[in-house]
There are 2 protein chains.
Amino acid sequence: MADDTAKGAPRPRTRIQQRNTEAILDAALEVFSAQGFRGATLDQIATEAGLSKPNLLYYFPSKEAIHIALLTSLLDDWLAPLREMTDSGDPQAEIMRYMRRKLDMSQTMPRESRLFANEILQGAPRMGAMLGTDLKALVDEKAALIRRWAEAGQIAPVDPHHLIFSIWALTQHYADFDVQVRAVLGPGHNPHAEAEIFLSTLFEKLLKP
Amino acid sequence: MADDTAKGAPRPRTRIQQRNTEAILDAALEVFSAQGFRGATLDQIATEAGLSKPNLLYYFPSKEAIHIALLTSLLDDWLAPLREMTDSGDPQAEIMRYMRRKLDMSQTMPRESRLFANEILQGAPRMGAMLGTDLKALVDEKAALIRRWAEAGQIAPVDPHHLIFSIWALTQHYADFDVQVRAVLGPGHNPHAEAEIFLSTLFEKLLKP
DNA sequence: CCTGCGTCTGACCGTGTGGTCAAACCGCCC
DNA sequence: GGGCGGTTTGACCACACGGTCAGACGCAGG
């Protein structure tokens, strides 16, 4: 990930390269997350980025390279909240904090959420490798942490992996299925505010020892 | 929905029409759910259905018509479990039963789940209308039912709409994000069996008055 | 002003894809 | 068998899309 030359974006040296690669990645995030990989078009991304299509391909060797660059660079941010869940504080508070940060992210970074959702839905053709290695390692580590909390009686005994899955499912639902949520609730609702209250009580009841 | 001629599939009159339209819809479900609308190809669907591409277009006027026919015909099945949740029995048992049926569906009908997920993710371009009318009406009705249960003290006081959302999110997660779940759990796991246990305790704790 | 390098683009290409159409095929009823 | 729906297909079209390339542009250093 430190070596950009391996695959994907050229190392941003000059000021202008920095600016354009950023513009491309942002535009690509916008388009890929809304249309999926195959649904997205280089022309769309180029227009969104304010560049010409050949100019895109001056900075990235292919459409797929842009997609891969996006996924890998975003995975870190995406998993940051989980990484920050440590045994430094009250276990239940740690988990609640993780859930809230994840919910916040689904509100502030819905495009990223949808990008990953699209990728996983299609069977993770461009990210499958990372799932079984990096992601699994991180989740296993945190699951072990949660298991220790449970064994110590600090939280209720729950399956750690599925607890994490439930946090993912519930928080990302409000980003990925936003249209549905809003359509069902109708006007005059604030989905995320309501979700925070609901999910707080849900996980409090679930985790109380 | 009773009048197929309005948009989409021709009315299946003869034996052969019945057989072929079914084959097409099944093949289309397979391909659309795995590749998304734009990712899917008429040739793929035709091959999967054992027909030629022009023959597809003899039965359906366009690619989009197939997609719409799929979505509308499946929405009924998809919402059936929610419809069957009535106040005929014990409230908590009714909700638990709904959750379990939904979880079973995510195991037995993962293609349908992914098809809807794809559609919603892309902003429901071909189903948006139904969300705010049919779906909203049904959910509002059942939400009112749940609210009555809560007010009668038969279940804990929870936001009915978000309770339903949480059931959707948690159960569909195991279908839509199957690759991720399996990659993280590793071999030797039965995601759905574990999910049923986890979700059972989760909703029991949540709903207990 | 010239050179040279990084940046950018118009024009182009090959392929994949949704869709059309005239003609052929098939099987049932007279 | 002949006719006649309904059914099937090969050949074809228009166009969108990913990607290429030769060259133009712009600007810093001499």
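Order of the sequence lines sets the chain letters (A, B, ...), proteins ahead of strands, with each chain counted from 1.
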Exercise. Between A:S52 and C:dC8, does any side-chain N or O lie under 4.0 Å from OP1 or OP2?
Worked result: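 So the side-chain polar atoms of A:S52 never come under 4.0 Å of the phosphate oxygens OP1 or OP2 of C:dC8.
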Exercise. Taking only N and O in the side chain of A:R38, is any of them less than 4.0 Å away from OP1 or OP2 of C:dG16?
Worked result: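 For A:R38, the contact criterion (side-chain N or O under 4.0 Å from OP1 or OP2 of C:dG16) is not met.
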Answer yes or no: is there a side-chain heavy-atom contact under 4.5 Å between [X] and [Y]?
{"X": "B:F116", "Y": "B:M127", "result": "yes"}
{"X": "B:I167", "Y": "B:L199", "result": "no"}
{"X": "B:N55", "Y": "B:I24", "result": "no"}
{"X": "A:D26", "Y": "A:R111", "result": "yes"}
{"X": "B:F32", "Y": "B:K63", "result": "yes"}

For this session: Please work out which of the three classes, parallel, tilted or perpendicular, describes the rings of B:F165 and B:H161, given edges at 30° and 60°.
Result: tilted
Find the distance [X]:[atom1] to [N]:[atom2] and express it as a whole number of Å.
{"X": "B:I45", "N": "C:dG18", "atom1": "CD1", "atom2": "C1'", "value": "11 Å"}
{"X": "B:L51", "N": "D:dG10", "atom1": "CG", "atom2": "C1'", "value": "16 Å"}
{"X": "A:L56", "N": "C:dC8", "atom1": "CG", "atom2": "P", "value": "11 Å"}
{"X": "B:Q44", "N": "C:dT17", "atom1": "CD", "atom2": "P", "value": "7 Å"}

Exercise. NA contact type, A:A46, heavy-atom cut-off 4.0 Å: base, sugar-phosphate, or nothing?
Worked result: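 Answer is nothing: A:A46 stays at 4.0 Å or more from every strand.
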Which pairs, protein N/O on one side and nucleotides 23-29 of chain D N/O on the other, fall under 3.5 Å?
none

Exercise. After noting the C-alpha distance and the side-chain angles of B:N118 and A:Q122, does the key distance pass the side chain to side chain donor-acceptor pair (under 3.5 Å) rule?
Worked result: CA-CA 9 Å; B:N118 260 308; A:Q122 316 288 328; 3.3 Å; yes
Between the protein and nucleotides 5-7 of chain C, which nitrogen or oxygen pairs come in under 3.5 angstrom?
from	atom 1	to	atom 2	distance (Å)
C:dT7	OP1	A:T14	OG1	2.9
C:dT7	OP2	A:Q17	NE2	2.7
C:dT7	OP2	A:Y58	OH	2.9

Problem set entry | Result of checking A:E84, A:E94, A:E196 against A:R100 for salt bridge (Lys or Arg N to Asp or Glu O under 4.0 Å) |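 When salt bridge (Lys or Arg N to Asp or Glu O under 4.0 Å) is applied between A:R100 and each of A:E84, A:E94, A:E196, only A:E196 qualifies.
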For this session: Give a yes or no on whether the backbone of B:D43 and the side-chain of B:K53 come within a donor-acceptor separation of less than 3.5 Å.
Result: no
Problem set entry | Test log, rule side-chain contact (heavy atoms from CB on, under 4.5 Å), inputs A:R182 and A:Y174 | CA-CA 9 Å; A:R182 289 181 189 278; A:Y174 287 93; over 6 Å; no
Please list each protein N or O that sits under 3.5 Å from an N or O in nucleotides 19-22 of chain C, with the distance.
from	atom 1	to	atom 2	distance (Å)
C:dG19	OP2	B:K63	N	2.7
C:dG19	O6	B:K53	NZ	3.2

For this session: Using the side chain to side chain donor-acceptor pair (under 3.5 Å) rule, take A:D104 and A:H192 through it: C-alpha gap first, then chi angles, then the decisive distance, then the call.
Result: CA-CA 8 Å; A:D104 285 347; A:H192 275 87; over 6 Å; no
